[in-house]
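In what follows, a structure is listed as structure tokens, so that the remarks can point back to it.
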Amino acid sequence: MRDYRDAKAMAQTIRAALAAKGLKITIGESLELIAKALGAGDWNTLAATIKAEPKGAAEPPAAAPSEPTPLPAELAADPPGRRSGNYFSAGLEKALHAAVGLASERRHQYTTLEHLLLALTSDPDAVEVMQACQVDVAALQARSTRYIDEELKSLVMQEPTQPAPTAGFHRVIQRSVIHVQSSGRGGVTGANVLVAIFSERESHAYAFLTIEGITRWDAVNFIAHGVRKGGPAA
């Protein structure tokens with residue numbers, strides 16, 4: 001799985017992907033985007049961190065669970081108002097902490113998309129979209145919880161550990177940031193993350209949303225135009 005030491009390669013990949021969609025950005029802009037997606041204030045800050053990190057260095061000691069559960073460094077984001085770039089909304093930041101907490105309290109080695117989806121069922125922005133798209137939020141919570149408790153037992157560690165985000169988790173967050181960056185909007189919300197989950201078609205999180213009858217189009221149509229599923233615009 002790529003981490004912050006692969007930042008330059010990630011920036012080149014994102015720049016090429018955006019160019020393929022007709023959105024051209026400079027390599028400097030792509031580096032700044034990656035820096036913010038990985039929790040650094042700017043590229044210079046991230047570059048200094050990369051330079052200071054020796055190849056093959058051991059991972060830092062796992063943090064003990066706390067309230068709220070601390071986010072891994074690569075998921076930390078600038079709080080609203082600190083700078084004009086992208087940031088996570090207060091609701092989404094709380095959901096990210098909750099997702100890590102769900103994994104941590106179960107001693108799971110990784111924080112998965114299913115942990116994230118369960119956390120989003122308590123995020124106001126994501127829940128608003130779900131309800132507009134006729135999702136039974138309680139049923140989605142129950143299904144996600146049952147999966148996490150019954151199907152992720154292989155992720156349980158003997159000792160408490162700081163769960164690492166999976167590759168899919170990373171992709172969803174990065175995709176959300178890229179979308180907000182390209183659209184010129186102010187910040188990443190739980191609604192943006194919910195939409196990004198639909199690109200992870202191999203995940204159970206995607207399957208659970210599909211079972212509830214919500215599609216990416218339904219979610220985007222409500223977010224962009226206020227059109228509720230099966231009804232007129234709000």
Side-chain angles (χ1 to χ4, degrees), residues 65-72 75 77 88-157 160-173 175-176 187-223 226-231 234:
S66 61
E67 285 295 334
T69 303
L71 290 176
L75 293 182
F88 296 155
S89 68
L92 176 56
E93 188 166 351
K94 183 177 180 180
L96 291 173
H97 280 288
V100 176
L102 288 167
S104 182
E105 68 188 20
R106 292 167 171 78
R107 297 186 177 182
H108 285 171
Q109 183 178 6
Y110 300 108
T111 305
T112 70
L113 283 179
E114 291 69 39
H115 294 107
L116 178 59
L117 179 60
L118 180 55
L120 287 177
T121 61
S122 296
D123 174 82
D125 296 309
V127 169
E128 182 182 19
V129 176
M130 293 178 193
Q131 292 176 337
C133 297
Q134 301 180 1
V135 170
D136 185 335
V137 178
L140 181 59
Q141 287 177 328
R143 183 175 290 109
S144 299
T145 300
R146 184 165 56 251
Y147 173 81
I148 289 170
D149 288 337
E150 297 179 2
E151 302 299 328
L152 297 184
K153 293 179 180 179
S154 62
L155 300 184
V156 175
M157 305 292 288
T161 185
Q162 174 76 346
T166 62
F169 195 119
H170 271 293
R171 287 193 297 268
V172 163
I173 300 302
R175 193 176 292 119
S176 303
V188 184
T189 71
N192 301 128
V193 174
L194 181 66
V195 170
I197 290 176
F198 284 99
S199 295
E200 296 295 318
R201 292 178 174 267
E202 300 301 318
S203 70
H204 284 82
Y206 169 83
F208 296 159
L209 290 172
T210 301
I211 290 172
E212 288 299 322
I214 180 176
T215 66
R216 184 181 185 279
W217 168 251
D218 293 331
V220 171
N221 206 24
F222 175 73
I223 295 169
V227 178
R228 294 177 174 272
K229 184 176 181 180

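Among all heavy-atom pairs drawn from P163 and S104, the shortest one is CG-N, 3.6 Å. Residue A119 comes nearest to A99 through the heavy atom pair CB-N, 3.7 Å, listed as atom of the first residue, atom of the second, then distance. When all heavy atoms of H170 and P165 are compared, the pair lying nearest together is CD2-O, 3.8 Å. Nearest heavy atom pair, residue L209 against residue I214, reads O-CG2, 3.1 Å.
Taking the side chain as every heavy atom from C-beta outward, L152 and H115 approach each other to under 4.5 Å. Counting heavy atoms from C-beta on, the side chains of I148 and H108 come closer than 4.5 Å. Between L92 and V188, the closest side-chain pair of non-hydrogen atoms falls below 4.5 Å. Between R175 and S199, the closest side-chain pair of non-hydrogen atoms falls below 4.5 Å.
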Query - CA sep, side-chain torsions, deciding dist, call: Y147, L118, side-chain contact (heavy atoms from CB on, under 4.5 Å) - result: CA-CA 10 Å; Y147 173 81; L118 180 55; over 6 Å; no
Requested in this report: Kindly indicate, with the supporting measurements, whether the criterion side-chain contact (heavy atoms from CB on, under 4.5 Å) is fulfilled by L140 and L117.
Outcome: CA-CA 9 Å; L140 181 59; L117 179 60; 4.0 Å; yes
Query raised in the report: Can you check side-chain contact (heavy atoms from CB on, under 4.5 Å) on R228 and C133, steps first, answer last?
Result: CA-CA 6 Å; R228 294 177 174 272; C133 297; over 6 Å; no
Query - side-chain contact (heavy atoms from CB on, under 4.5 Å) between I197 and L120, worked out - result: CA-CA 11 Å; I197 290 176; L120 287 177; 3.9 Å; yes
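In this structure, D218 contributes its side chain and T215 its backbone to a donor-acceptor pair below 3.5 Å. Between the R216 side chain and the F198 main chain, no donor and acceptor come within less than 3.5 Å of each other. Judged by distance alone, the side chain of E212 and the main-chain N or O of D136 form a donor-acceptor pair under 3.5 Å. When atom types are taken as modelled, the side chain of K229 and the backbone of V135 share no donor-acceptor pair closer than 3.5 angstrom.
For the pair E114 and R143, the salt-bridge criterion is not met [side-chain N within less than 4.0 Å of a carboxylate O]. A salt bridge does not link R146 to E151: none of the charged side-chain nitrogens sits closer than 4.0 Å to a carboxylate oxygen. Between R106 and D149 there is a salt bridge, with a side-chain nitrogen of the basic residue lying less than 4.0 Å from a carboxylate oxygen of the acidic one.
In this structure, CZ in F88 is found 10.5 Å from CG in N192, a value given to the nearest 0.5 Å. In this structure, CG in D123 is found 12.0 Å from CD in E93, a value given to the nearest 0.5 Å. Here the CD-CD distance, from E200 to E202, works out to 9.0 Å after rounding to the nearest 0.5 Å. Atoms CD and CZ, on Q131 and F222 in that order, are 9.0 Å from each other to the nearest 0.5 Å. Atoms OG and CZ, from S203 and R171 in turn, are 9.0 Å apart once rounded to the nearest 0.5 Å.
T121 and Q141 are linked by a side-chain donor-acceptor pair at a separation below 3.5 angstrom, with hydrogens and angles left out of the test.
Results of the side-chain contact (heavy atoms from CB on, under 4.5 Å) test with I223 over T189, D125, L194, V129 single out V129 as the only residue that passes.
Taking the ring centroids of F169 and Y110, they lie at or beyond the 6.0 Å cut-off.
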